[in-house]
Amino acid sequence: MTEEQYWDRDCTLVVAYRKAEELRISRKNNEMWLQGAYIYDALCRVSPVLNAFAKKGTKPVPYLSEAYALNDKQAEIKDEKKAKSAFNNGKRLMEGFMLKHNKKFEGK
């Protein structure tokens with residue numbers, strides 16, 4: 001906020017600028033926290049390899065295939081994808097089971 005805005009303009013601008021600064025700081029803090037979460041997750045996934053007493057052939061856990069869900073809508077979409085994948089997997093298993101048992105009765 002410039003001096004002119006502070007002294008000569010509307011007095012409610014001070015409150016708006018203060019609130020905007022608080023929001024900017026909060027957003028920056030959340031970004032840094034998220035970056036730390038990704039770094040921590042990456043280190044946890046590679047830690048089995050870094051262990052001095054790890055068995056030969058130990059491999060790190062694969063890194064995330066997609067980003068973290070940051071809001072409710074993204075979390076809901078992610079849950080829907082997971083549920084749809086589980087449904088399709090179950091459907092595929094049931095179709096295989098059905099084909100296998102239908103072959104038994106085909107010859108009779």
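If you're wondering where the values come from, they're calculated on a predicted model, not measured in any experiment.
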_Does atom CE (Met98) have a neighbourhood of more than 12 heavy atoms from anything else shown, all under 6.0 Å?_
yes

_Residues forming a ring pair (Phe, Tyr, Trp, His ring centres under 6.0 Å) with Tyr68, sequence neighbours excluded_ = Tyr38

_With a 4.5 Å cut-off on side-chain heavy-atom distances among I, L, V, M, F, W and Y, is there a chain of contacts connecting Tyr17 to Trp7?_
yes

*Counterpart residues, side chain to side chain donor-acceptor pair (under 3.5 Å), relative to Thr12 (two or more places apart)*: Asp10

*Can you list the residues that meet the side chain to side chain donor-acceptor pair (under 3.5 Å) rule with Asn51, with sequence neighbours excluded?*
none

*Just wondering, are more than 12 heavy atoms of other shown residues or ligands nearer than 6.0 Å to NZ in Lys81?*
no

*Is it the case that more than 12 heavy atoms not belonging to Glu3 sit under 6.0 Å from its CD atom?*
no

*For Phe53, ring pair (Phe, Tyr, Trp, His ring centres under 6.0 Å) partners two or more places apart*: none

*Compare all side-chain heavy atoms of Ser26 with those of Asn30 and state whether any distance is below 4.5 angstrom.*
yes

*What residue pairs, at least two apart or across chains, pass salt bridge (charged side-chain N to carboxylate O under 4.0 Å, His left out) with a residue in residues 13-22?*
Glu21-Arg24

*Closest heavy-atom pair and its distance - Leu64, Arg45*: CD2-NH2, 3.0 Å

*Mark yes when over 12 heavy atoms from residues, nucleotides or ligands other than Tyr63 sit less than 6.0 Å from its OH; otherwise mark no.*
yes

*Would you say Asn71 has more than 12 foreign heavy atoms packed within less than 6.0 Å of its CG?*
yes

*For Glu4, enumerate each residue passing the salt bridge (charged side-chain N to carboxylate O under 4.0 Å, His left out) test, keeping only those at least two apart in sequence or located in another chain.*
Arg9

